[in-house]
Amino acid sequence: MHGRVKIKTTAQQEEEKRKEREKKLKIYVAARDACFSKRNEGIWDDEALQLTQQLLSSNPDFATLWNYRREILMHLETVKDKDEVQKIYEAELSFTESCLKVNPKSYGSWHHRGWVSARLPRPDWARELTLCDRCLSLDDRNFHCWDYRRMVVKMSGVPVDQELAFTDRLIGSNFSNYSSWHYRSTLLPLLHPESPEPPSPCREPPQSSPPPSPQTHSHRVCEEQLLKEYELVQNAFFTDPNDQSAWFYYRWLLGRAEREEMISCVYVNREEERVAVAFSRPVNAQSVGLFLVLDGQPQRVEWRSVHPCFKHSPVWICSLPPGTISDITNERNLTVHWTEKHTHRDCALYTGRTESWCRDSATDQELFRSELSVEKTSVLQSELQSVKQLQELEPLNKWCLLTIILLMRALDPLGYEQEMLAHFRTLKEVDSMRSAYYSDLCSKFMIENTILKMEYAEVRVFSISDKNLTTLCHLDQLLLVTHINLSSNHLQRLPPQFAMLQCLEVLEADNNAIENLEGVYHLPKLEEVLLKNNKISTLADLQPLASCPKLKRLDLRGNPVTQTANVESELAELLPSVTDLLL
Amino acid sequence: MLLLEKHADYIAAYGSKKDDYEYTLSEYLRMSGIYWGLTVMDLMGQLPRMNQQEIIDFIKACQHECGGISASIGHDPHLLYTLSAVQILCLYDSIDAIDVDKVVDPFHTLFGVAGLSLLGDEQIKPVNPVLCMPEDVLQRIGLHPDLLS
């Protein structure tokens, strides 16, 4: 229907065509109405099969007619013997094949064929695979055909290595084959799975070990196979550096394993009588069986997320009953249980200490990249050299530049920081339409590097000023941070996720473009907020600050809000705890 | 720049093409077609040019006993066209023109989801086959169905 070329004809030819179409329409409508009335009368006969066949041949997307046809076929199953049914369904396969010749992308035709194949007394799966091969040779991105192929493979038990060889053939004949690379990425982890990690000390042994299924296996590939894949895909993008599919597959190969699901941090504070828990991914604490045990006694607590807009959050907080941990002369032992995942984390609150925490470091968790073996490191080093050489030959190719950045991240994020920034600058010139995406991606990598540096320095100060930040992320990693310096960047908002900085005392964010402070919400220790030269324009924008009970110092110089009438008295009312106000 | 007038005229006239062959052939997606046309008219501020009552009556005629809605009169109900119909009614703020409770069937939805869990869907938590409730809930409230031996 789309893209039909309109040919100018004489008036007479137009008239002839119009008459023809009128006739065609009449025939079609008559057949359609006959079908509908037969169906309403519950008739399942040969004529009905003929009529539906006639209509579906020219209009295979008429789903209701496929439904009717299936009703008729199911009825025939009950009155014919097995051999007759086999014949009928083989004819059905022929019919769908002719429909597919007309429109190889009809949902109705493919679905019907799948339905028939599943009901055929003696299915010929080899034939079905051949059909798929033919279809894919005409259009290797026909997802209907790929889905059908996956069904056939499953039903007939085709071994994974045979399918892998199939992708070898397709990729070998044409590197630009997104669908084949994608299929390969699902097969490879089944055939060459990454060996399971040793259990962490916090994980209780599971009751019984479930068999690996596509849902439970790690989707990662063992290293030996991975190195072979690098070579394969490198051939692809060297042959045609402008084809996306190989670059995307390469990016998948460089990716890291899914993180183990666990409680990554527990923080306790005696003064606030509060516990904060950080998870490795967003959860809904109400439904995951989260229990708090204090000195062996389960505690009845209510978990809340850091901001009302989050039903799922990586950080959850609860308040302990008054007096439970406030006595600083007592040592208390806290355990948080995540029963759904059979894991827990302990945190000891020592005598004389007002606060305590327990967490894995970002480096230990391999938070931002997976651990590389010596072999893999040297391979990736040579990959980096190769892609850099390609980049010299193809200076305008954005995929090269992006891949170089990803390789550097995989090898040594801190060591390559300056080079990475230089490459991002080039990338933004070469592909200026996506410069905002690259700015955000660079911001993410700079935040990751700053988190790593903070870890090594073992401090609770997060300083990332003058780094062209356009966005914030990984805020769940900043639960313990007391001081944050975001000044001289390009931030426009402190989003609700910012409320995960539950230990924050000082917020420096001068010289940005901030107009939204939603995330500065219920931060119990926040005392100082510096927002000089930003874009805060109304008093309503400052509302979240009212939820921070200890806020004393606030710098709003150089913000449009300072021009509001009676701004001083309004702020005195909105933020009574503030004693040191700069306008 | 878009030729807004021409676009609006085209869509406004489209519904009266009942003698057109392609129009008839695309009957199987009529509900979605109407939705696509209406959203575009709305975006261009031309929604009043469409015949609201006629469209709402059409939708009513397409709701089946089971609660689902078909693409056109006489066709089978389908999730795609139920969604399109609901979207159209939201555009017209007339969601009560159809039987809303029938469209949303919490009883069957619950049992459908429970069924998926029992069939092994890993994204749904384990469900007790007797009580059709999540196992962890039953554990929490201390309810165990006894098996007759």
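Just so we're on the same page: letters track the sequence lines, and every chain starts at 1. Just so it is clear, the structure is predicted and the values come from calculations on it, not from any experiment.
Of all the heavy atoms in A:Thr64 and B:Asp76, the pair that sits closest is OG1-N, 2.9 Å. The minimum heavy-atom distance between A:Phe36 and B:Ile73, with the atom names listed, is CE1-O, 4.1 Å. Closest heavy-atom contact between B:Thr24 and A:Leu25: OG1-CD1, 3.2 Å. Taking all atoms of both residues into account, the shortest heavy-atom contact from B:Tyr21 to A:Tyr28 is CE1-CB, 4.3 Å.
Heavy atoms of other residues, nucleotides or ligands lying less than 6.0 angstrom from NZ of B:Lys102 number more than 12. Other residues, nucleotides and ligands contribute more than 12 heavy atoms inside 6.0 Å of the NE2 atom of B:His7. Taking a 6.0 Å sphere around CD of A:Glu20, one finds it holds 12 or fewer heavy atoms contributed by other residues, nucleotides or ligands. With a 6.0 Å radius and a threshold of 12 heavy atoms from other residues, nucleotides or ligands, A:Asn40 has its CG atom above the threshold.
If you take CZ on A:Phe62 and CD on B:Glu27, they are separated by 6.0 Å, rounding to the nearest 0.5 Å.
Of all the listed residues (A:Arg39, A:Arg18, A:Glu340), the one sharing the greatest number of non-hydrogen pairs under 4.5 Å with chain B is A:Arg39.
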